[in-house]
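Indexing begins at 1, ligand by ligand and atom by atom, following the structure's order. Please read all numbers here as calculations on a predicted model, not as lab measurements.
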Amino acid sequence: MIENKIIDENRQGEAIVLEDGNVGGKKLFLESYGCQMNFADSEIVASILSKNGYSTTDKFEEADVIFVNTCAIRDNAEVRVRKRLHDFKKAKKKNPNMVVGVLGCMAERLKHQFLDEEKIVDLVVGPDAYRDIPNLIEQAESGHKAVNVILSKEETYADITPVRLGSNGVSSFISIMRGCDNMCSFCVVPFTRGRERSRDPESIIAEAHDLFAKGYREVTLLGQNVDSYLWSGGGLKKETLTEEQKANSLNFAQLLEKVALVNPDLRVRFSTSHPKDMTDDVLHIIAKYENVCKYIHLPVQSGSSRILEMMNRGYTREWYLDRIAAIRRIIPECGISTDSISGFCSETDEEHQETVSLFREVQYDFAYMFMYSERPKTLAERKYEDNIPEDVKKTRLQEIVALQLENSAIKTKEGVGKVHKVLVEGTSKKSADQLMGRNTQNTVVVFPKLHYKKGDYVNVLATSCTSGTLIGEAVE
Ligand code: SAH
Ligand code: SF4
Ligand code: F3S
């Protein structure tokens with residue numbers, strides 16, 4: 001199977017079902033698009049609605065309330081949501097009392113405009129206003145369209161225990177921060193998610209303990225830039241801290257260590273690291289704890305320092321390669337993945353070739369590769385012309401994808417002949433006699449079931465592979 005795909009979002013939209021077994025009452029259909037943070041947010045929304053007596057349905061035709069949690073990262077992410085709203089239109093015609101709500105980043109970007117553009121929408125809710133959803137539904141039910149897109153500097157939903165949706169019961173997300181202060185020139189996230197804020201570490205640790213007690217064996221700590229996590233106690237704002245207060249605060253390396261200590265059998269992953277902020281301290285913690293996975297997602301975006309400067313990424317090609325060298329030095333066995341954007345404003349063929357050569361040099365295990373999509377209100381939209389023709393963007397993207405496919409295949413092959421500690425996530429899609437799980441580097445491993453089950457750690461000797469999956473058998 002080919003694992004590196006040209007994808008529009010990090011995950012496809014999917015309907016997800018509440019697990020708490022509320023029966024009777026009103027029915028919610030919830031569909032999510034976009035990144036892991038959006039999926040984690042849907043679990044907060046589900047928790048809020050389940051407390052209000054909602055059960056879920058996976059058939060939108062039967063729902064009292066339809067929610068779409070949306071993504072605005074690229075234009076095609078928004079096109080997909082609009083198409084989906086057309087499907088819901090028919091259901092609403094049959095049942096005019098049905099409430100259709102748009103949540104998340106596209107809701108935040110378009111605000112009231114959504115109500116004018118898409119007549120079927122009753123409710124528009126931004127990422128920091130989910131506590132208000134029960135009120136907003138009431139308002140919509142009484143025939144008034146409802147909007148809450150207020151962004152907050154404090155909201156982290158720290159006290160809400162998410163209802164785990166579509167979960168395999170083994171791995172789960174924990175949001176550790178919200179928003180982003182970075183202002184990369186191509187990116188809409190600072191506008192849709194607001195200012196960066198970190199969540200109280202006690203609530204993060206408590207959530208990790210709770211998940212472990214419920215049988216989960218892997219958590220992924222989520223933030224747009226986890227390396228800039230900083231908790232300085234009740235209500236203190238990062239930007240107002242003195243150097244001394246900063247030194248007394250809890251940073252990401254320290255948080256990661258605390259989560260690693262929750263239980264040696266709880267694997268810890270995190271996403272996303274930012275090359276300008278990733279410290280050697282974090283790398284040393286990864287190296288020190290066996291249960292912190294040896295895998296880092298380090299988005300490069302471009303291999304050209306001039307383009308990186310225009311993107312406002314805060315690092316050069318050399319700085320980025322130095323961070324890669326630090327990973328290889330401190331955690332030699334580490335898996336590394338990345339994101340890239342092809343055809344950013346004014347990118348020349350030579351600059352594109354710098355991205356190609358960087359991919360060749362780093363040899364990523366995995367990559368998410370995109371064509372540049374201009375987003376309204378971003379710095380790039382205001383300052384630069386989106387002047388690379390679509391077909392050139394596409395050709396450049398294809399060149400990178402082809403190279404990455406080769407790299408992934410080489411990387412996967414390197415795992416053959418070695419024993420991997422695999423956390424079993426479930427049965428293989430292809431065969432009920434096979435289990436699937438991941439090794440610490442995040443590579444999928446498939447092997448015969450025997451007496452093993454979901455949630456077990458199994459040592460697997462890899463005997464062969466496809467381009468992205470290791471195939472093997474359990475060894476004692
Ligand atoms: N916070 C993360 C990324 C969040 S968005 C980081 O800083 O790396 C996920 C990825 O989408 C980005 O890494 C980037 O590669 C891509 N992306 C963001 N905006 C884009 C745009 N306007 N056009 C194309 N790709 C974009
Ligand atoms: Fe967007 Fe940059 Fe923030 Fe990532 S770090 S979310 S790319 S602004
Ligand atoms: Fe999309 Fe918002 Fe995530 S724009 S990528 S859902 S933060």
K145 and D116 ion-paired at < 4.0 Å = no
ask   = Quick one: are N439 and K294 in side-chain contact, heavy atoms under 4.5 Å?
value =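 Sidechains of K294 and N439: no contact.
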Side chain, backbone, both or neither: the part of R74 lying under 4.0 Å from ligand 1 by heavy atom = side chain
request  = Please state which part of I73 comes within less than 4.0 Å of ligand 1, counting heavy atoms only: side chain, backbone, both or neither.
outcome  =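 The answer is both, backbone and side chain.
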task = Using side chain to side chain contact (heavy atoms under 4.5 Å, CB included) as the criterion, point out the one residue from H352, E351, E347 that pairs with S304.
result = E351
ask   = Hey, which of V45, I44, I160 is the one that makes side chain to side chain contact (heavy atoms under 4.5 Å, CB included) with R131?
value =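 Of V45, I44, I160, side chain to side chain contact (heavy atoms under 4.5 Å, CB included) with R131 is met by I160 alone.
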Show which atoms of ligand 3 fall inside a sub-4.0 Å distance from at least one heavy-atom site of [X].
| X | value |
| --- | --- |
| N38 | 6 (S) |
| C35 | 3 (Fe), 5 (S), 6 (S), 7 (S) |
| C105 | 2 (Fe), 4 (S), 6 (S), 7 (S) |
| Q224 | 7 (S) |

message = For the residue pair R382 and F191, would you count it as a cation-pi contact if the rule is NZ or CZ under 6.0 angstrom from the ring centre and within 45 degrees of the ring axis?
response = no
inquiry  = Would R74 pass as a cation-pi partner of F370, given that its NZ or CZ must be under 6.0 Å from the six-membered ring centre and within 45 degrees of the axis?
reply    =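 Because its charged atom sits under 6.0 Å from the ring centre and within 45° of the axis, R74 does stack over F370.
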Any N or O of [X] that comes nearer than 3.5 Å to an N or O of ligand 1?
| X | result |
| --- | --- |
| S340 | no |
| Q224 | yes |
| S373 | yes |

Atoms in ligand 1 with a heavy atom of [X] nearer than 4.0 Å:
| X | value |
| --- | --- |
| I341 | 14 (C), 15 (O), 17 (N), 25 (N), 26 (C) |
| F370 | 10 (C), 11 (O), 15 (O), 16 (C), 25 (N) |
| R375 | 22 (N) |

ask   = Which one of K59, R80, R84 satisfies the salt bridge (charged side-chain N to carboxylate O under 4.0 Å, His left out) criterion with E31?
value =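 The option that passes is R84.
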key: Identity of the nearest option to atom 24 (C) of ligand 1, non-hydrogen atoms only, from H297, M371, M311   =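 Comparing heavy atoms across H297, M371, M311, the nearest one to atom 24 (C) of ligand 1 lies in M371.
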note = Among K276, Q301, R313, the residue with a heavy atom nearest to atom 7 (O) of ligand 1 is R313
query = Got a donor-acceptor contact below 3.5 angstrom from the S198 side chain to the L230 backbone?
reply =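 Yes, the answer is positive, given that a donor and an acceptor are paired below the 3.5 Å cut-off.
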query = If you leave out waters, which protein N, O or S atoms are less than 2.8 Å from atom 1 (Fe) of ligand 2?
reply =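 Those protein N, O or S atoms (cut-off: under 2.8 Å from atom 1 (Fe) of ligand 2) are C187 SG.
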request  = Please verify whether a non-hydrogen atom of A72 lies at under 4.0 Å from ligand 3.
outcome  =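 In this structure, A72 qualifies as a contact of ligand 3 - some heavy atom is under 4.0 Å.
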ask   = So, does R193 sit close enough to ligand 3 that a heavy atom of it is under 4.0 Å from the ligand?
value = yes
remark   = So the atoms of ligand 2 within less than 4.0 Å of a heavy atom of R313 turn out to be 2 (Fe), 7 (S)
H274: numbered ligand 2 atoms lying under 4.0 Å from its heavy atoms =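 By the 4.0 Å cutoff, the relevant atoms are 5 (S).
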Pair R317, S357: side-chain N/O donor-acceptor within cut-off below 3.5 Å =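 Per modelled atom types, R317 and S357 side chains form a pair under 3.5 Å.
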request  = Return yes when at least one N/O/S atom of C71 is nearer than 2.8 Å to atom 3 (Fe) of ligand 3, and no when none is.
outcome  =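 Here the distance criterion (N, O or S atom, under 2.8 Å) is not met by C71, so no.
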